[in-house]
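Input: a single structure, listed below in structure tokens.
Here, residue 1 is the first one in the sequence, and each next residue gets the next number.
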Amino acid sequence: MPSQSGPDDIAEETAQLFGVPLDRFTATRNELVKELAASGRKGDAAALKTLKKPSVAVWTINQLARSHDDLMNDLLGARADLRSARSGTDTRAAVDRRKRAVSALLTVARDVLEESGHAATSQTLDGISRVLLTASDDETEERMRAGILEREPEAADFDGDLEGAFAETASSPADDRARAEAERLAGAAGEAERAARELRWQADRARDEAERAARLADSAEEKAERARAKADDALGRVSS
């Protein structure tokens, strides 16, 4: 990723680029590159040209950061709490905070997707969840906060950090069994949430189809009424 420091940086252009509708990304990038080159900023133009069109999931996260920065800041705060946790209690509190933040962001993400013409499929929502839950370096988190994330971060999930945090506390066989059961239930809950999202999307789609069919039926009825009126009028003229 190009540097965003120095007198001739492209921070402003980058912020503009990652805020446009996804289907306008490439065209907008090319326009900005031409403007930079025309103004003599050829190095900045070359740097901007390297930026790649993000996935739907990453693009959605960028829009969430711009329109719901409070939720994004809460998530990043929870991630920071996880890194600094020194006990199982601290870790569990941070995990709960992160879970609430991710849930809130996913709820808003569905609206962002639908309003922008993208389907809120389970695959896309899972991709968003993956990015929100993935540990990353400071630069990547700042890009996420600023809404200029280009691609999914390549790093281990925070769950790896949780193992170390829980290992600091003494555990008994009963604790181990309880933790295993909790992990099993968490996995089942995750699967149930994904299934619920998919069913909700299917229900929304079915409702849209039903509304479209109703509109078509209303239109057909209006046409039938007009045709009947014309037929009655014609019969009246023949009778007279």
Side-chain angles (χ1 to χ4, degrees), residues 1-20 22 25 29 32-33 43-106 108-109 112 123-168 186 190:
M1 295 182 182
S3 172
Q4 295 192 34
S5 61
D8 295 323
D9 60 45
I10 56 171
E12 182 177 346
E13 290 79 9
T14 300
Q16 178 182 345
L17 177 60
F18 282 95
V20 301
L22 192 56
F25 183 93
R29 182 194 61 197
L32 291 172
V33 166
D44 291 338
L48 189 69
K49 191 174 182 178
T50 66
L51 295 180
K52 305 298 183 182
K53 182 178 179 179
S55 66
V56 174
V58 172
W59 176 85
T60 303
I61 289 173
N62 286 335
Q63 310 321 304
L64 292 174
R66 294 161 184 267
S67 60
H68 294 80
D69 59 332
D70 55 332
L71 298 180
M72 185 61 69
N73 287 334
D74 193 32
L75 170 68
L76 295 176
R79 288 162 62 135
D81 288 348
L82 275 173
R83 285 194 292 268
S84 62
R86 292 294 178 267
S87 69
T89 299
D90 291 343
T91 299
R92 283 187 288 272
V95 168
D96 288 342
R97 181 185 175 189
R98 184 184 67 170
K99 181 178 180 180
R100 290 192 300 271
V102 170
S103 178
L105 284 166
L106 285 176
V108 180
V112 171
Q123 181 179 1
T124 298
L125 292 173
D126 284 345
I128 294 172
S129 297
R130 185 169 55 251
V131 176
L132 296 178
L133 291 168
T134 299
S136 52
D137 55 41
D138 291 342
E139 180 182 357
T140 300
E141 289 202 348
E142 282 307 309
R143 283 182 170 274
M144 185 183 295
R145 191 190 304 275
I148 56 173
L149 194 63
E150 185 178 0
R151 62 178 62 88
E152 293 188 16
E154 298 178 359
D157 189 273
F158 264 124
D159 289 345
D161 297 332
L162 302 188
E163 292 178 3
F166 279 117
E168 295 177 0

Under 3.5 Å donor-acceptor, [X] side chain and [Y] backbone:
| X | Y | answer |
| --- | --- | --- |
| E150 | K52 | yes |
| R92 | S87 | no |
| S129 | L125 | yes |

Gap separating the [atom1] atom of [X] from the [atom2] atom of [Y], nearest 0.5 angstrom:
| X | Y | atom1 | atom2 | answer |
| --- | --- | --- | --- | --- |
| L105 | T60 | CG | OG1 | 11.5 Å |
| E152 | L132 | CD | CG | 10.0 Å |
| M144 | N62 | CE | CG | 9.0 Å |
| L51 | F18 | CG | CZ | 5.0 Å |
| R100 | D74 | CZ | CG | 7.5 Å |
| R66 | I148 | CZ | CD1 | 8.0 Å |

>> Test: ring-ring contact (aromatic ring centres under 6.0 Å, His included). Region: residues 74-98. Which pairs qualify, not counting sequence neighbours?
In response: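 Qualifying pairs, neighbours excluded: none.
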>> Is it true that, when you exclude D138 itself, more than 12 heavy atoms of the residues, nucleotides or ligands shown sit nearer than 6.0 Å to its CG?
In response: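 Atom CG in D138 is not crowded, with 12 or fewer foreign heavy atoms closer than 6.0 Å.
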Looking at every heavy atom in both [X] and [Y], which two are closest together, and how far apart are they?
| X | Y | answer |
| --- | --- | --- |
| G19 | Q63 | O-OE1, 3.7 Å |
| A57 | G127 | CB-C, 3.9 Å |
| W59 | L22 | NE1-N, 3.6 Å |

>> Could you walk me through whether I61 and I128 satisfy the side chain to side chain contact (heavy atoms under 4.5 Å, CB included) test, starting with their C-alpha distance in whole Å, then the side-chain angles of each, then the deciding distance to 0.1 Å, before giving a yes or no?
In response: CA-CA 7 Å; I61 289 173; I128 294 172; 3.9 Å; yes
> Got D81 and D90 here, is their nearest side-chain heavy-atom distance under 4.5 Å?
Replying inline: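 In short, these two side chains do not touch, never coming nearer than 4.5 Å.
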>> Any non-hydrogen side-chain atom of S55 less than 4.5 Å from a side-chain atom of T124?
In response: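 No, too far: nothing below the 4.5 Å cut-off.
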> So, D137 versus T140: side-chain donor-acceptor pair below 3.5 Å or not?
Replying inline: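 Side-chain D/A pair, D137 to T140: present.
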> Which is it for K53 and V58 under the side chain to side chain contact (heavy atoms under 4.5 Å, CB included) test, yes or no, and what are the steps along the way?
Replying inline: CA-CA 10 Å; K53 182 178 179 179; V58 172; over 6 Å; no
>> Before you tell me yes or no, could you show the steps for I10 and L32 under side chain to side chain contact (heavy atoms under 4.5 Å, CB included), namely the whole-Å CA-CA distance, both residues' side-chain angles and the distance that decides it to 0.1 Å?
In response: CA-CA 10 Å; I10 56 171; L32 291 172; over 6 Å; no
